[in-house]
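Written below as structure tokens is the structure these notes are about.
Chain identifiers are assigned alphabetically (A, B, ...) following the order of the sequence lines, protein sequences preceding nucleic acid strands; residue numbering begins at 1 within each chain. All figures in this text were calculated on a predicted structure; none of them were measured in a lab.
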Amino acid sequence: MIFIKEIARNILDWYQGKWNQGLNRYPWRIGKKNPYQILIAELLLQHTTAKAVSDNNSYQIFLEKFPDIFFLNRAKIQDLIKILNPLGLYNQKSERIKKLTKYILEKCEGQIPKDKNDLLKVPGIGDYIANAILTFTYDQNEVPLDNNLKRIALNVWNIKTKENLIHFYKKLAEPNPKIIYWALFDIGRFHCRKPVPICKGCPMIQYCGFFKLKGS
DNA sequence: CTCCAGCTGC
DNA sequence: GCAGCTGGAG
């Protein structure tokens, strides 16, 4: 993988191009976000398209009503369901938010943990959201390994095991973890999608095993 | 591994 | 109808 820096550059250029066209300017990507704001974004986005969260302004409305964990603690379950309704999964999401808020207030003095192991103890926060908070809030390089990243790595480089995925993505994301991972989510949706990838315009096309075999 | 659980595009 | 959507818990 001696071309890894080149691939990273292509990905960053691709992302910038989309950004200039206004195609990936999601509200949770604009400006500097604190851990609470990233946590809420990830909870809303679970099993939900970025388009849905973005189009309904759910994220902005949620943060206006509940700008921090203390406001959120006073929220009624019905208020949460009302905002989350357009996204689907609102019962599960609102219950999860209530439990997680209670835990953070009672066990963490209202502060979202900065340590990976402490994040994982919070109910509702798993490996993905813990890494997303560390990477998207603090500019660390903890791989937010979701189905997009798994599918891309399998198609492009035939990387399968979790250890290999983590090792590879840490290297790839090195120049700018936050932007690279956001870009990969978008590439997973625009190009490296199921059931058939749309390779035209993909920034990784010249390095891609799938494209060499049967890409179009 | 299975279940969760609603909306969307196909 | 059905699979997929920036997963987590048991």
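As rounded to whole Å, 10 Å separates atom P of dA3(C) from atom NZ of Lys194(A). To the nearest angstrom, P of dG9(B) lies 18 Å from NE2 of His47(A). Between Ile179(A) atom CD1 and dT6(C) atom P the separation is 18 Å, expressed in whole Å. Put simply, CZ on Arg193(A) is 16 Å from C1' on dT6(C), counting in whole angstrom units. In this structure, Ile81(A) atom CD1 and dA5(B) atom P are separated by 12 Å, rounded to whole Å. In this structure, Leu89(A) places its CG atom 12 Å from P of dT8(B), rounding to the nearest Å. A straight line from CG of Leu43(A) to C1' of dA9(C) spans 14 Å, rounded to a whole angstrom. Atoms CG (Leu119(A)) and C1' (dG8(C)) sit 14 Å apart, rounded to a whole Å.
A donor-acceptor contact shorter than 3.5 Å is absent between the side chain of Arg193(A) and the backbone of Ile198(A).
Position along DNA chain B of the nearest nucleotide to Gln92(A) versus Asn56(A) favours Gln92(A) as the more 5'-ward residue. Position along DNA chain C of the nearest nucleotide to Ala132(A) versus Gly124(A) favours Ala132(A) as the more 5'-ward residue.
Contacts of Gln46(A) with the nucleic acid, taken as non-hydrogen atoms under 4.0 Å apart, involve only primed sugar atoms and P, OP1 or OP2. Here Pro123(A) lies in heavy-atom contact (under 4.0 Å) with sugar-phosphate atoms only. Within the 4.0 angstrom heavy-atom criterion, only backbone atoms of the sugar-phosphate kind lie near Ile125(A); the bases stay farther away. In this structure, Tyr90(A) reaches the sugar-phosphate backbone alone: every heavy-atom distance under 4.0 Å involves primed, P, OP1 or OP2 atoms, never a base. Note on Ala52(A): nothing from the nucleic acid sits closer than 4.0 angstrom, heavy atoms only. Residue contacts shown for Leu149(A) are absent, as no nucleic acid heavy atom lies under 4.0 Å away.
Here Glu174(A) does not pair with Lys170(A) in a salt bridge; the nearest charged N to carboxylate O distance is not below 4.0 Å. Using a cut-off of 4.0 Å between Lys/Arg side-chain N and Asp/Glu carboxylate O, Lys82(A) and Asp79(A) are scored as not salt-bridged. In summary, Lys121(A) and Asp118(A) engage in a salt bridge, as defined by a charged side-chain N under 4.0 Å from a carboxylate O. Salt-bridge formation is not detected for the pair Asp146(A)/Lys150(A): no Lys NZ or Arg NE/NH1/NH2 atom is positioned less than 4.0 Å from an Asp or Glu carboxylate oxygen.
The salt bridge (charged side-chain N to carboxylate O under 4.0 Å, His left out) check on Glu163(A) picks up nothing, with sequence neighbours excluded. Remark: Tyr36(A) engages no residue in a side-chain hydrogen bond (donor to acceptor under 3.5 Å, both in side chains) (not counting sequence neighbours).
OP1 or OP2 of dG6(B) has not a single side-chain nitrogen or oxygen of Asn85(A) nearer than 4.0 Å. Regarding contacts with the backbone of dA3(C), every side-chain N or O of Arg151(A) stays at 4.0 angstrom or more from both OP1 and OP2.
Atom name C1', nucleotides dT6(C) and dC1(B): the rounded distance is 23 Å, in whole Å.
Side-chain atoms of Glu6(A) and Tyr207(A) form a donor-acceptor pair, as typed in the model, at a separation below 3.5 Å.
When distances run from any side-chain atom of Asn147(A) to the nucleotides dT6(C), dG8(C), dC5(C), the shortest one goes to dC5(C).
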DNA chain B in dot-bracket form (Watson-Crick or G-U pairs under 3.5 Å, [ ] crossing, | inter-strand) is ||||.|||||
